[in-house]
Amino acid sequence: MPDGKTMTVPTGTTGGELASKIAKSLGNAAIALKLDGKVCDLATELQDGNAVEILTRDHELALELIRHDTAHVMAEAVQILFPNTQVTIGPSIENGFYYDFHKSEPFTPEDLSKIEAKMRDIIAKNENFVREVWSKEKAISFFKEKGELFKVELIEALPEGEPISIYRQGDWLDLCRGPHLPSTGKVGTSFKLMSVAGAYWRGDAKNPMLQRIYGTAWRNQKELDDYLHMLEEAERRDHRRLGKEMKLFHQQEESAGNIFWHPRGWTLFRTIESFLRGRFLNDGYREVKTPILYDSSLFKASGHWDLYGDNMFKVNLGDEKYLGVKPMNCPAHVQIFKQGIKSYRDLPLRLSEFGCCHRNEASGAMHGIMRLRGFTQDDAHIFCREDQITQEALRYFKLQIGIYEDLGFPRDRLKVKLALRPDESKRVGSDELWDKAEKGLRDALEAEGLEYEDLPGEGAFYGPKVEFHLMDAIGRSWQCGTIQLDFNLPERLDAEYVGEDGARYRPVMLHRAILGAIERFIGILIEHYSGKFPMWLAPVQAVVTTITNDADAYANSVLKMLLDNGIRAEIDTRSEKIGYKIREHSLEKIPLLIVVGKKEEESNQVVLRYLGEEQQLTLSCADAVKHILEQCAIPQRKD
RNA sequence: GCUGCCGUAGCUCAGUGGUAGAGCACUCCCUUGGUAAGGGAGAGGUCGGAGGUUCAAGCCCUCUCGGCAGCACCA
């Protein structure tokens, strides 16, 4: 037992019987066992020497069982209501579960409520989940006869000799590894079917599309309510909604996948850009600007035309002559490197660019300003010698982590992944080069002590990459920064430098971005701060507004003082009530309102009112400017 | 791109074959009010686009463009 005690029970005693023996209440509350650290059915027979822990609904592992069982109950409900439906798989996932069905008619929202009602019936019946072990032959012939062809495919893929477990709940059963709760009644009622969407069988676009029903399930009503409330909150801070409300940008169908930046949004964009520019120049980068359009020959040489061409915008000039819109900046930066003869003394050469790239993303991939067809990368390419790779990668990690922190993302919101070589048909360069490149990045990650996860097959066609992912408000993970090690492009585009010995060598190229796409990062920032930016980022830092029009002239003099000090300020002298004006600017998330009336004019003062705070601060004009300037300061790092 | 849903006023949305609606925003008038909505009046629509069915289409059908939720993709 967890408390260190030992219990002796007759052979064949199940976990559930043990729980009841310890205490009747525990017997009722028990939902599963942990036997020697592994979660098992309550009905599992105990073996001599088992370390036993009895799990109740309050245990954190209970959620996974509840969700998985809810998926089973849903599958039964669906097959009762829609007998011609085939079941496939239905796992528990973060916050809930899903089940994929094959059915010729689509599920409608009304179907979802019918299914939910039927699920509640099944739960009320409280049938036991009973585990059975079948032979592979029996399982295959049973499911074949039922017409469950997807299940048959799953069973056929199971290794020979492996026991095939079936879980029965009343008249219904499903192939399942388990474990399960003791009965359907233990699922509880705190669940909700959320949505239906298509999903490819086995996650492959070549396979038929199934219908996936998503649901959420929790231990109790309060947890469910909290979760639904969290979803509402996430919706409130959705960058698409806030972008409109805060007058930052808009999008329209004539230019799908692109952004019209409005004055405030563009101010935010430029603020971030100049913040980055300062950091980059300070870290030894030299900024460049390269063309958007190129003759196809450049992309053919780089490999983009063949390996990335499907995602490129191409312009046909007739006579087989094509221009390509750049999807990446790397080939261009190599052209700059190649101008004139480079010496080993020039290395590492760090070329940065706020590069405008265009990629023909699939229509379904686009998402607000997070995933676009036209975007700006905070891109750079570092040309260096092989022995400089680790130091350059470390330098990048340090620069990047500092920038993330200053933008409001501490390290715990950061996940690091190492994407390794893709399939042979989708990569360039020899295996030796890939070995070297992957090792180079791994060494740097380990030197920095960053925890990371391997992603086999996910690398770029020219090299492996380290990906930095940030979590957004809705829990989605966005790839932001990336550093990629590339031995191939310098070769393909014939970049070289003169070494100490006078011979010619290939430089290594490190591709790196910190925010990734600035547009996407702004989307993440909007959701992260729910639009309430820190002063230094806010597009409009202060609005001066008047109690009555008598104070307009004074208000204008205050505005001029702010503008003269470089504070991004606007003025509102409309003849509306002060409460109305405050409400309006608060909804636009203006961080600071400066209210002036006759009283302030007479004393040469201003009243500061910060967003969301009722407390007011009365200061002399000079003190106010000093105070505001401190709050608007761009974060600095000296090291 | 695939599956499903959606597209009506600047925005959020109602409108199930019979004369296009609401709230907010906008314009004008009144109001000059001390910290999250003062009052009144007015203007605003080829119902995403094209074709079809029908005496009649915002509504039904086909195609198309765009959006949303997923899936696939994200070099």
Side-chain angles (χ1 to χ4, degrees), chain A residues 98 100 103 105-109 111-112 194-214 235 238 240-241 244-245 250-257 302-304 306-312 327-328 330 357 359-368 370-373 375 419 422 426-428 457-465 467 478-479 482 484 486 511 516-517 520 545-552 573-588 593-600 607-616:
Chain A
Y98 67 79
D100 286 349
K103 173 170 172 285
E105 292 298 307
F107 290 111
T108 65
D111 290 342
L112 289 194
M194 304 296 286
S195 61
V196 52
Y200 296 109
W201 167 236
R202 299 191 145 183
D204 190 332
K206 289 193 278 293
N207 288 340
M209 182 157 275
L210 307 169
Q211 295 189 58
R212 174 173 298 178
I213 301 181
Y214 281 96
E235 205 179 312
D238 189 307
R240 292 164 297 189
R241 167 197 289 260
K244 211 176 285 174
E245 286 176 6
H250 87 272
Q251 297 176 276
Q252 67 187 54
E253 58 183 87
E254 286 84 351
S255 187
S302 70
H304 288 84
D306 290 335
L307 287 157
Y308 198 66
D310 287 349
N311 288 309
M312 284 178 62
M328 303 180 202
C330 29
C357 297
R359 301 176 182 180
N360 192 4
E361 299 287 359
S363 57
M366 266 130 33
H367 176 83
M370 302 281 214
R371 188 85 180 268
L372 293 161
R373 288 192 175 137
F375 55 94
K426 289 182 188 158
R427 66 176 193 245
V428 293
E458 304 271 312
F461 72 80
Y462 46 75
K465 58 178 181 174
E467 298 177 355
W478 294 100
Q479 186 190 317
T482 175
Q484 312 173 356
D486 180 3
H511 306 236
R520 166 185 293 186
T545 186
T546 46
I547 302 288
T548 69
N549 291 117
D550 293 343
D552 286 2
T573 52
R574 289 174 305 169
S575 49
E576 294 290 351
K577 287 193 172 181
I578 189 64
Y580 179 91
K581 292 196 275 194
I582 284 172
R583 174 180 157 80
E584 200 160 85
H585 296 120
S586 298
L587 288 173
E588 285 177 5
L593 297 181
I594 300 179
V595 180
V596 295
K598 267 271 161 270
K599 219 161 63 186
E600 287 70 29
V607 173
L608 305 189
R609 185 192 197 280
Y610 288 91
L611 179 59
E613 290 177 22
E614 285 178 14
Q615 209 180 344
Q616 298 161 31

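Lettering of chains follows the sequences in order, A, B, ..., and the numbering in each one begins at 1. Side-chain atoms are counted along with the backbone in the values below, which use heavy atoms only and exclude waters and symmetry mates. Quick caveat: nothing in here was measured; it's all calculated off a predicted structure.
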Protein-nucleotide distance ([X], atom [atom1]; [N], atom [atom2]), rounded to Å:
X        : N      : atom1 : atom2 : result
A:Met370 : B:rC68 : CE    : P     : 12 Å
A:Leu611 : B:rU35 : CG    : P     : 18 Å
A:Lys577 : B:rA37 : NZ    : C1'   : 10 Å
A:Tyr214 : B:rA69 : OH    : C1'   : 9 Å
A:Arg371 : B:rC71 : CZ    : C1'   : 13 Å
A:Gln251 : B:rG67 : CD    : P     : 8 Å
A:Glu576 : B:rG39 : CD    : P     : 11 Å
A:Gln484 : B:rC74 : CD    : P     : 13 Å

So what does [X] touch, heavy atoms closer than 4.0 Å: a base, only the sugar-phosphate, or nothing?
X        : value
A:Lys426 : nothing
A:Gly203 : sugar-phosphate
A:Glu600 : base
A:Gln616 : base
A:Met194 : nothing
A:Tyr98  : nothing
A:Arg427 : nothing
A:Gly368 : sugar-phosphate

Applying side-chain hydrogen bond (donor to acceptor under 3.5 Å, both in side chains), can you list everything that pairs with [X], at least two apart in sequence or on another chain?
X        : answer
A:Gln484 : A:Tyr462, A:Thr482
A:Asn207 : none
A:Ser195 : none
A:Glu254 : A:Gln252

Item to check | salt_bridge(A:Asp238, A:Arg240) N-O dist < 4.0 Å | outcome: yes

Counting just side-chain N and O atoms, does [X] come under 4.0 Å of either OP1 or OP2 of [N]?
X        : N      : answer
A:His367 : B:rA69 : yes
A:Tyr580 : B:rA25 : yes
A:Arg609 : B:rA36 : yes

Next on the checklist: Assuming nearest nucleotide by heavy-atom distance, tell me which of A:Ala256 and A:Gly579 is located more 5' along RNA chain B.
Outcome noted: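 The 5'-side residue here is A:Gly579.
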
Item to check | 5'-most by nearest nucleotide on RNA chain B - A:Arg373 or A:Ser586 | outcome: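 Nearest nucleotide further toward 5': that of A:Ser586.
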
Would you say [X] and [Y] make side-chain contact, with heavy atoms under 4.5 Å?
X        : Y        : answer
A:Lys244 : A:His250 : no
A:Leu372 : A:Gln251 : yes
A:Thr573 : A:Thr545 : no
A:His585 : A:Arg609 : no

Who are the salt bridge (charged side-chain N to carboxylate O under 4.0 Å, His left out) partners of [X], not counting sequence neighbours?
X        : answer
A:Glu467 : A:Lys465
A:Arg373 : none
A:Lys598 : A:Glu601
A:Glu458 : none

Checklist entry - Okay, side chain of A:Glu584, backbone of A:Lys581: is any donor-acceptor separation there less than 3.5 Å? => result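 A pair under 3.5 Å: no.
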
Protein-nucleotides 28-32 of chain B N/O pairs closer than 3.5 Å?
from   : atom 1 : to       : atom 2 : distance (Å)
B:rU32 : O2     : A:Asn549 : N      : 3.1
B:rU32 : O2     : A:Asn549 : OD1    : 3.4
B:rU32 : N3     : A:Asn549 : OD1    : 2.5
B:rU32 : O4     : A:Asn549 : OD1    : 3.3

Between [M] and [N] - [atom1] atom distance, rounded Å:
N      : M      : atom1 : value
B:rA69 : B:rG33 : C1'   : 47 Å
B:rG44 : B:rC71 : P     : 46 Å
B:rC59 : B:rA72 : P     : 36 Å
B:rC65 : B:rG49 : C1'   : 7 Å
B:rA37 : B:rU31 : P     : 23 Å
B:rG4  : B:rC63 : P     : 12 Å
B:rC11 : B:rG1  : C1'   : 32 Å
B:rU19 : B:rC47 : P     : 15 Å

Checklist outcome for this item: ring-ring contact (aromatic ring centres under 6.0 Å, His included) filter on A:Tyr200, not counting sequence neighbours, yields none

Proximal nucleotide (of [options]) relative to the [X] side chain:
X        : options                : result
A:Ala365 : B:rG34, B:rG33, B:rA72 : B:rA72
A:Ala205 : B:rG34, B:rA72, B:rA37 : B:rA72
A:Arg520 : B:rG67, B:rA72, B:rC74 : B:rC74

Next on the checklist: Is it the case that the base of B:rC68 and the side chain of A:Arg240 share a donor-acceptor contact (distance under 3.5 Å, atom types as modelled)?
Outcome noted: no

Item to check | Donor-acceptor pair present, A:Tyr200 side chain and B:rG70 base, under 3.5 Å | outcome: no

Next on the checklist: Only Watson-Crick and G-U wobble pairs, only distances under 3.5 Å, only runs of 3 or more: what stems does that leave for RNA chain B?
Outcome noted: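 As far as RNA chain B goes, consecutive pairing (with distances under 3.5 Å) yields the stems B:1-7 with B:65-71, B:10-13 with B:21-24, B:26-30 with B:38-42, B:48-52 with B:60-64.
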
For nucleotides 3-12 of chain B, list the nitrogen or oxygen atoms of the protein found under 3.5 Å from its nitrogen or oxygen atoms, one pair per line.
from   : atom 1 : to       : atom 2 : distance (Å)
B:rU3  : O2     : A:Gly198 : N      : 3.1
B:rU12 : OP1    : A:Lys244 : NZ     : 3.2

